[in-house]
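A quick write-up on the structure given underneath.
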Amino acid sequence: MTLQVPHGLTDLLRDFTVAVLKERPSDLHDFAVDYFTNARDSLRPSSPPMYIIVENDEEAGEPDPGMLKQSSSSSTQYARRQSVSAERYNPEEDEDEEENRVVYPKTDSQRQRLMEAVSGILLFRCLETEQMQEVLDAMFEKQVEPGETVIVQGDDGDNFYVIDTGVFDVLVEAKGEEKKIYQFDNQGSFGELALMYNMPRSATVRAVTEGTLWAMDRNSFRKIVLKSAFKKRKKYESLLESVNILQCLDSYERMTLADALVTQVYEDGEAIIAQGDLADGMFFVEEGQLKVTITSQGGREQEVSQQQLDTAYFGELALLNNKPRTASVYAVGRVKVAFLERDCFERLLGPCLEIMKRNSQLYTMYADQ
């Protein structure tokens, strides 16, 4: 009798084993029930509850308990603004590139103010320099007066807004009465949900004081921000597929890892990591050549490796061993790398950690970083 292993069983058992080794549960049976129940539920299609949660940057502090409105079927939580299930823009089907690009002329002063206003916004952190310039080009200035309504709950979304100056209330209508759930104070952004998903505005935003907003229309927002994020994911998925030690990741894990990577560019002679520094993450090389050096106790720096490192990676062993960097890595010419922060390293590369430790002979460059 021939037994055929069901498709997906090997991956399922492998992931469960990794979870057990990491969590070390006292009751394996209860842990297994919870694990496989959550795994099953995550595969079921569902309509996530509607949250009206404003993005709260690190320096903005904790929100007031009265600032969140939730649907009756969901539990209260505070987080960055959540996605809402609806028809989405498909960047893969959008082949329109340059012909409809919008550019609003700006003075140097306006451009500087706009750059400061958008610099801390999460949506733009994945953009490269060229794409960031497109964002600045596509945004236009809007002056508002006290009491002026910027967006209205239930309307179709037309623009995404970044606050330059001013105080703005976020209001939600329930049972015929408006309730304030949040207040922006001279920073922040709003309006992206209705542009990312074909859905009405989920709240009203009204100016409390005079203020200045920077606005971007729906088409520009989608073509620059969403399409750029899509291209970045596809590029990094392809890069990660070529890394030997990451072959144990499934497609979803690889996609999640791709989303966590941040592009960094270094010019000739610039240090990417320095010997003795604490490890803040690891690097995947997109393009370029690197030089690895070690400084002796006498202060003499000696080169130990210089090579082309397409699809190579480095900096992981300092994270695995929780030790300072034991070598320096410099750019030779212009180098582009994809950086994975320390906090994401163990969470996203859990299935690969043991392989990284066992297979040091597979490393494509000087390993003891």
Side-chain angles (χ1 to χ4, degrees), residues 14-15 18 22 125-126 128 229 231-295 303-369:
R14 181 205 66 204
D15 293 345
V18 170
K22 290 179 65 176
R125 291 178 186 172
C126 68
E128 298 186 20
K231 287 182 176 180
K232 168 182 173 286
R233 171 186 286 178
K234 300 303 289 186
K235 178 182 71 173
Y236 282 155
E237 281 185 298
S238 177
L239 172 68
L240 296 173
E241 285 175 357
S242 65
V243 179
N244 288 335
I245 63 164
L246 301 184
Q247 298 306 308
C248 62
L249 297 179
D250 61 32
S251 58
Y252 176 78
E253 290 169 330
R254 194 175 295 115
M255 178 183 69
T256 305
L257 178 58
D259 286 342
L261 295 175
V262 178
T263 301
Q264 295 182 353
V265 177
Y266 296 87
E267 301 301 331
D268 185 43
E270 192 173 356
I272 302 175
I273 63 176
Q275 183 174 340
D277 283 356
L278 295 177
D280 56 351
M282 70 173 292
F283 302 81
F284 298 90
V285 181
E286 296 184 50
E287 58 185 52
Q289 187 174 2
L290 305 180
K291 178 177 70 174
V292 182
T293 69
I294 292 180
T295 302
E303 183 176 323
V304 296
S305 175
Q306 182 175 149
Q307 55 183 311
Q308 193 76 20
L309 292 166
D310 291 333
T311 70
Y313 57 93
F314 61 97
E316 78 287 356
L317 286 189
L319 298 176
L320 289 169
N321 300 325
N322 196 27
K323 294 181 179 179
R325 307 289 192 187
T326 57
S328 297
V329 178
Y330 297 94
V332 178
R334 188 174 187 269
V335 173
K336 181 182 289 188
V337 297
F339 177 67
L340 180 67
E341 291 183 346
R342 184 187 191 103
D343 290 345
C344 300
F345 176 76
E346 185 172 350
R347 175 168 57 87
L348 298 179
L349 291 181
C352 303
L353 296 184
E354 288 303 318
I355 297 176
M356 285 183 174
K357 294 176 182 178
R358 292 199 309 265
N359 297 312
S360 59
Q361 70 271 19
L362 298 177
Y363 294 174
T364 55
M365 65 163 292
Y366 187 81
D368 190 17
Q369 302 300 326

L257 and Y236, any side-chain heavy atoms less than 4.5 Å apart: no

Atom pair CG/CG of L278 and N322 - distance to nearest 0.5 Å: 8.5 Å

Interatomic spacing from OG in S328 to CG in D277 - rounded to 0.5 Å: 7.5 Å

Minimum heavy-atom distance between L240 and A258, given as atom pair plus value: CD1-N, 3.8 Å

I273 side, atom CD1; F314 side, atom CZ - distance, nearest 0.5 Å: 6.0 Å

Neighbour count above 12 (heavy atom, 6.0 Å) for E341 CD: no

Test item: R334 side-chain N/O and V265 main-chain N/O as donor-acceptor pair under 3.5 Å: no

Minimum heavy-atom distance between A331 and D268, given as atom pair plus value: O-OD1, 3.6 Å

L290 to V332 - nearest heavy-atom pair and separation: C-CG2, 3.9 Å

Parallel, tilted or perpendicular: ring planes of F283 versus F339, cut at 30 and 60 degrees: tilted

Heavy-atom donor-acceptor pair, S238 side chain to K235 backbone, under 3.5 Å: no

Closest contact, heavy atoms only, E237 versus R254: O-CD, 3.8 Å

Ring pair (Phe, Tyr, Trp, His ring centres under 6.0 Å) partners for Y330, two or more places apart: none

Pair D280 + R325, salt bridge at N-O below 4.0 Å: yes

side-chain contact (heavy atoms from CB on, under 4.5 Å), paired with V329, selected from V292, T293, V337, V335: V292

Sub-4.5 Å side-chain heavy-atom contact between T263 and E286: yes

Euclidean distance, M282 CE relative to C344 SG, rounded to 0.5 Å: 12.0 Å

K323 side chain to A279 backbone, donor-acceptor under 3.5 Å: no

